[in-house]
Every structure is written in structure tokens, then in C-alpha cells.
Amino acid sequence: MDDPHRRRLARRLGGTGMIAPRVTPSRRLSWTQRHRVRPLAAPPRMSRRARRALVAIAALTLTALVVAAVAWTQAYRQTPRPTDTDRADLERAATSAVTALMTFGGPHPPAPDAVRAHLSDPLLTRYDAERADVVLPDAVAASAQMTVSVVGMAVGEFHADDARLLAFLDQTVAVPDGSARGGGAGPPGAGAGAGGDHASTAKWLVMRKVNHIWLLADVRPVGDVTR
């Protein structure tokens, strides 16, 4: 009888004269083969309609960017820039105007008409109604005196008919004491003495060109964005 065990043994010997070790299929693979990362599946292809829509959107975006860049360049080139002469004329007019406006009281204050010659609306209308009070509240009632000197000036904005400058000022304010005004109680700062109170401040000066002349249209505290 043919022994099945003999047949299996003969197949294992394979004519080599030795029995081959029994190895599982998994051990016949190398580490790289057993841990090989399978490539990711390719993403689905975009349809022709979707590709056309994407190309159109990209073209529109690029066109909008180009138009915006050209418009900004044109606006930048067309923005008037003051020459040295324009800047000097503007700063000279602003210095004269703010000095005339903020100098009052004392033995030789500027005449109202001399101050008005440096002003334009809306500041001119307010000055006609309030005089020195437009600069210092209750200055007229308190017989206050003020002098100012401009220590620095910088052009913040410049256009053909209007401009804005940042002015750095040293100002001195003196208010007579109560006895000099009939014994009444003086306002805050009364009795400061003949020398007055000294302070450094900064103001925005809004200038407007009227009949080719720069005039002071408004005085704003630095940081005031309400006007």
C-alpha cells in the first residue's frame, strides 16, 4: 500500500536529500515587503465644467487685482505733493494765523480785524461770536492774557485747496487775581502771577486756500476725530 505519509515526505525532500524547514508564507517576505505602504488612490478627476469655472474665477480675480493696482497707482501719482515753496508758504501762513488767534489780552493784543484776516469759516464765524473764548473758555470774562509761540510744524495732509498741519506750541496764560477784578473769586488758575502759566501743547491746524491765500479754518486738539 502506498503510505500517504511517505508521499508527503517525498514531496518535502524534493530530491535534495534533506528535509526543508517548514516556513510560513509570512516569514518568506522581507520587512520592507511586509510593511510596504500602498499608494493612495488617485483623486477623482475634475469635470470639464468645473475646470472652466475655476479658470474663469482665477481670471476674474487676477483682473480685479490688476485694476485695483492700476487705480491705486494713478491715485498716488495724481495726489498733489507740496514743493518746498508750497510747504514754506503754508507753514508761514499757519504760523501767522495761529499766533494771531492765540495772542490776546496784554498791553498790545492784535486787533480783531487783524485776526480775522487770517481766518476762514467755520473758525471765522465762531471768532466773530466768541472772540478769545474760542481759544480759551471764559477768557473774555476773566480778562485772561495769552501769548503763544510756534516751536514746530509738520504737514499732515496737503491738497490743492486745503491742508492739515500739526503744530507744536508753547503758550503762556495769565489771569488777574480776584482783587484786580473787584474782589470776586477768580477762575481756576487765577493768581498765577505776572509770569503766567506755561504749557506745551500740540494742535491740528486746518488750512483752506481762499483766493490763493492760505487761511486758518479750524483748530483741533490732537486726537479729536469728532470734527
Just verifying a value: how many Å separate [X] [atom1] and [Y] [atom2], rounded to the nearest 0.5 Å?
X	Y	atom1	atom2	answer
His198	Thr147	NE2	OG1	8.0 Å
Trp214	Asp89	CH2	CG	10.0 Å
Leu101	Arg131	CG	CZ	11.5 Å
Gln171	Thr103	CD	OG1	10.0 Å
Met153	Glu91	CE	CD	6.5 Å
Arg116	Leu123	CZ	CG	11.0 Å

More than 12 heavy atoms of other groups within 6.0 Å of Asp138 CG: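 Counting neighbours around CG of Asp138, 12 or fewer heavy atoms of other residues, nucleotides or ligands fall under 6.0 Å, so no.
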Taking side chain as C-beta onward, heavy atoms only, is [X] less than 4.5 Å from [Y]?
X	Y	answer
Arg208	Leu215	no
Trp204	Val219	no
Thr95	Arg92	no
Leu216	His118	no
Leu165	Leu90	yes
Met207	Asp162	no
Val115	Tyr127	yes
Val173	Leu136	yes

Applying side-chain hydrogen bond (donor to acceptor under 3.5 Å, both in side chains), can you list everything that pairs with [X], at least two apart in sequence or on another chain?
X	result
Thr201	none
Thr61	none
Arg87	none
Asp86	Thr83

side-chain hydrogen bond (donor to acceptor under 3.5 Å, both in side chains) between Ser200 and Asp170, worked out: CA-CA 5 Å; Ser200 297; Asp170 280 345; 2.7 Å; yes
By salt bridge (Lys or Arg N to Asp or Glu O under 4.0 Å) - contacts of Glu157 (at least two apart):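 With sequence neighbours excluded, Glu157 shows a salt bridge (Lys or Arg N to Asp or Glu O under 4.0 Å) to Arg164, given in chain and number order.
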Single-linkage hydrophobic cluster Leu205~Leu169, side-chain heavy atoms < 4.5 angstrom: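 Result: yes, single cluster for both.
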Derivation of the side chain to side chain contact (heavy atoms under 4.5 Å, CB included) call for Lys203 and Val222: CA-CA 5 Å; Lys203 302 286 185 181; Val222 174; 5.7 Å; no
side-chain contact (heavy atoms from CB on, under 4.5 Å) against Asp121, all qualifying residues, sequence neighbours excluded: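 Only Leu124, Thr125 meet the side-chain contact (heavy atoms from CB on, under 4.5 Å) criterion with Asp121.
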Donor-acceptor contact below 3.5 Å, side chain Asp133 vs main chain Val140: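 It does hold such a pair.
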